[in-house]
Amino acid sequence: HGYPLPLAALGKILFAAAASAVCAYLTISLVGTVTALAAAIPLAVAVYVVLIRTTRVLEPEDAASFRGALYHVLGWVYP
């Protein structure tokens, strides 16, 4: 009954999320300014995206869906 739980994929996603959180935490704690927060957010996003891609956790249709969402958000931010 139901669907199998993709534990390997969830583990990879957890790893990418934890690594990006550690990266953001270290950036903020080592620099300790508001500027560090502004730098930590895009840095954490970049680490997350790179790790998601290098661990190959996404299926091709997932990547296409994310691309569509990104274009939608960027179109909203930069009309």
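Note that the coordinates shown come from a computational prediction; the quantities given were computed from them, not determined experimentally.
Through direct or indirect side-chain contacts shorter than 4.5 Å among Ile, Leu, Val, Met, Phe, Trp and Tyr, Val31 is connected to no other residue.
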Let me check something: any side-chain donor-acceptor pairs from residues 8-17 under 3.5 Å, sequence neighbours excluded? List them with distances.
{"residue": "Lys12", "atom": "NZ", "partner": "Thr55", "partner atom": "O", "Å": "3.2"}

Side chains of residues 32-52: which donor-acceptor pairs under 3.5 Å do they make with residues two or more places apart or in other chains?
{"residue": "Thr33", "atom": "OG1", "partner": "Thr35", "partner atom": "N", "Å": "3.4"}
{"residue": "Thr33", "atom": "OG1", "partner": "Ala36", "partner atom": "N", "Å": "3.2"}

